[in-house]
Protein chains: 2
Amino acid sequence: MASDQTRTSILSAAERLYADRGFGDVTLRDIVAAADVNLAAVNYHFGSKDELIAELFVTRSLATNRERLNELKAAEEAGGGRADIDSILRALVGPTLRGCLGPDRERSTAARFMIRASIESVPPIRRIKNREIDHLRKFAAAMRRALPDRDEVELYWGLHFALAMAHQTIRDSERLTKLSEGLCDLDDVEGIIERIVAVSVRALTAGAPAKAPEPVAVRRAR
Amino acid sequence: MASDQTRTSILSAAERLYADRGFGDVTLRDIVAAADVNLAAVNYHFGSKDELIAELFVTRSLATNRERLNELKAAEEAGGGRADIDSILRALVGPTLRGCLGPDRERSTAARFMIRASIESVPPIRRIKNREIDHLRKFAAAMRRALPDRDEVELYWGLHFALAMAHQTIRDSERLTKLSEGLCDLDDVEGIIERIVAVSVRALTAGAPAKAPEPVAVRRAR
DNA sequence: GATAGTTTCATACAACTGTTTGAATTGCAA
DNA sequence: TTGCAATTCAAACAGTTGTATGAAACTATC
């Protein structure tokens, strides 16, 4: 067991390097050089390079998921067991956006690492992401309780679009800044969150509140 | 000049392999084996592996951009020089979605290649994508003409969100299918396009039509 | 202080990568 | 047919990668 010092310096050096240069450009030799440990230490402590990446990503994404569920639970308790749709969507996209954007996003290694993880798709991370569906199902269930009259298909599309907007804003913040020539303020995370929540809610509650989906000309509902 | 046969069989073999297995897992030796040509042929005809990937991607994305602009121009001519916001957004997201989704998406190599290109981020493709901003500016300009009263910031966010929803639907169609347990019909491309357009239009036209952005609590407009 | 278990270290390994080379082959014009 | 350029080919190159090895150094227990 012992000191754990080698282990933790590998983890933090790896996270910093991956955040700065991406997964494709960082080798084990870069990591051990930055961490000032021996090359063999990575395989000794983590088993393989992929398991090191997986451990980094699991740690961070578990933290995000925990924050999400905490916010959801708080909103449900505040609403007497049923959260309104705004709060649910805010709980879904808020933690991720707060983690990855914001004024000090140049500083936070963890945030930059998670952005990399969402841009570059490496096998160990892909495997973990595939297990996230159970987590999302909890939000789908909460949404169903908040909008019991809505057709279920509409709920899934709303959830999907909310995540899409949040995700792409993180992935492509640079393009949006360039395109708008700085007009879109990406440091204002709370503003962005409200913007995404507002659009999603509007998408979910537009048209007739009945079960029959009307707002859009859906050809085959399957 | 001669036959071009080697060149084209490299291109089509490469596109198929990249579409099937991604950029990370396909080596030049895989490609030349599938194309049944000599290893050195790739460097002889394309200069390098990156230039081969770039040529594949440029060909496909130029085709998509051309389709987009054709649709936009058609809509502007139909509207007497000014297209309505629906048509503009449809021209923006339609060609991409039609290219990548749809019932025969298992068949089309080109479509699967473009999905890979949007998921895995390799340097040659990233370089080309960065040059796409001028292309998007044309759509921003058309949107400005269609909604002259809207604040410019809102337009950029609307454009960004429309692309986000389209892009993420392509990238993560599998997750949406799993999450909704097949309820969301991803074969109905036209329905998806209408859905994304409707949400984007609603986001762009909601609230006061005045210049002052009101629908969302934006902290710092910068 | 000897011992057993853990951790570190330098080094080597084996495999794979994109690229280059220079000779052989081909196709075509004179 | 001859000559010349374009193309193809087998082979090797030079570099990098993640991983494995076995000895050395450490640490805590008895």
Side-chain angles (χ1 to χ4, degrees), chain A residues 1-58 113 116-117 120-128, chain B residues 1-58 113 116-117 120-128:
Chain A
M1 191 113 326
S3 76
D4 260 359
Q5 199 183 345
T6 306
R7 230 187 107 86
T8 50
S9 40
I10 290 174
L11 280 172
S12 73
E15 183 169 48
R16 187 168 51 76
L17 286 174
Y18 285 140
D20 285 343
R21 295 163 30 196
F23 297 102
D25 288 345
V26 176
T27 70
L28 284 188
R29 284 168 176 81
D30 294 332
I31 294 171
V32 299
D36 200 34
V37 301
N38 187 272
L39 174 60
V42 173
N43 286 279
Y44 178 79
H45 284 282
F46 298 94
S48 70
K49 185 196 185 184
D50 279 10
E51 288 175 81
L52 167 62
I53 294 179
E55 172 148 346
L56 280 169
F57 184 69
V58 165
F113 173 82
R116 285 287 182 190
E120 297 179 33
S121 174
V122 299
I125 290 184
R126 225 168 330 184
R127 275 193 291 272
I128 295 159
Chain B
M1 189 105 332
S3 75
D4 258 1
Q5 198 183 346
T6 306
R7 229 186 108 87
T8 51
S9 40
I10 290 174
L11 280 171
S12 74
E15 184 168 47
R16 186 168 52 76
L17 285 174
Y18 285 140
D20 285 342
R21 296 164 29 196
F23 297 103
D25 289 346
V26 176
T27 70
L28 284 188
R29 284 170 177 80
D30 294 332
I31 294 171
V32 299
D36 199 36
V37 301
N38 188 271
L39 174 59
V42 173
N43 286 279
Y44 178 78
H45 285 281
F46 299 93
S48 71
K49 185 195 184 184
D50 278 10
E51 288 174 82
L52 167 62
I53 294 178
E55 172 147 345
L56 280 169
F57 184 69
V58 164
F113 173 82
R116 284 287 182 190
E120 296 180 33
S121 173
V122 300
I125 289 183
R126 226 170 329 183
R127 274 193 291 273
I128 295 160

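Reckoned from all heavy atoms, side chains included, excluding hydrogens, waters and symmetry mates. Reminder, nothing fancy here: chain letters follow the sequence lines and each chain counts from 1. Computed from a predicted structure; not experimentally measured.
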Student: If every non-hydrogen atom of B/His45 is compared with every non-hydrogen atom of B/Arg7, which pair is closest and at what distance?
Tutor: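 For B/His45 and B/Arg7, the tightest heavy-atom pair comes out as O-NH1, 3.4 Å.
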
Student: Do you know which two heavy atoms are closest between A/Ile31 and A/Leu17, and how far apart they sit?
Tutor: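 For A/Ile31 versus A/Leu17, the nearest heavy atoms are CA-CD1, 3.7 Å.
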
Student: So, does A/Asp30 use its side chain to make a donor-acceptor pair with the main chain of A/Thr27 at under 3.5 Å?
Tutor: yes

Student: Provide, to the nearest angstrom, the distance between the CD atom belonging to A/Gln5 and the C1' atom belonging to C/dT8.
Tutor: 13 Å

Student: Could you check whether any side-chain heavy atom of A/Ser12 comes within less than 4.5 Å of a side-chain heavy atom of A/Glu15, counting everything from C-beta outward?
Tutor: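 No, side chains not in contact.
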
Student: Round to the nearest Å and state the distance from A/Asp36 atom CG to C/dC9 atom C1'.
Tutor: 13 Å

Student: Let me know the distance between CZ of A/Phe23 and P of D/dT17, rounded to the nearest Å.
Tutor: 16 Å

Student: Do nucleotides 23-29 of chain D as a string where each nucleotide becomes B, S or -: B if the base has a protein heavy atom under 4.0 Å, S if just the sugar-phosphate does, - if no protein is that close.
Tutor: -------

Student: Please determine whether a side-chain nitrogen or oxygen atom of B/Asn38 lies at a distance below 4.0 Å from atom OP1 or OP2 of D/dT7.
Tutor: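 So the side-chain polar atoms of B/Asn38 never come under 4.0 Å of the phosphate oxygens OP1 or OP2 of D/dT7.
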
Student: Can you confirm whether B/Arg29 sits close enough to B/Leu39 that some side-chain heavy atom of one is under 4.5 Å from a side-chain heavy atom of the other?
Tutor: yes

Student: Take B/Ile125 and B/Phe23 through the test side-chain contact (heavy atoms from CB on, under 4.5 Å) and record every step on the way to the result.
Tutor: CA-CA 11 Å; B/Ile125 289 183; B/Phe23 297 103; 3.5 Å; yes

Student: Quick one: which protein N/O atoms are closer than 3.5 Å to N/O atoms of nucleotides 17-19 of chain C? Pair and distance per line, please.
Tutor:
from, atom 1, to, atom 2, distance (Å)
C/dG18, OP1, B/Lys49, NZ, 2.7
C/dG18, OP2, B/Leu28, N, 3.1
C/dG18, N7, B/Arg29, NH1, 2.9
C/dG18, O6, B/Arg29, NH2, 2.8
C/dT19, OP2, B/Asn43, OD1, 3.3
C/dT19, OP2, B/Lys49, N, 2.9

Student: If you compare all heavy atoms of B/Val37 against all heavy atoms of B/Ala41, which two are closest, and at what distance to 0.1 Å?
Tutor: CG2-CB, 4.2 Å

Student: Expressed as a whole number of angstroms, how long is the span from B/Tyr44:OH to C/dA23:P?
Tutor: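 Checked: the OH to P distance equals 17 Å.
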
Student: Look at A/His45 and C/dT8 and indicate whether a side-chain polar atom (N or O) is within less than 4.0 Å of OP1 or OP2.
Tutor: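 So the side-chain polar atoms of A/His45 do come within 4.0 Å of the phosphate oxygens OP1 or OP2 of C/dT8, strictly under.
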
Student: Nearest heavy-atom pair of B/Ser48 and B/Asn43: which atoms, and what distance?
Tutor: CA-OD1, 3.7 Å

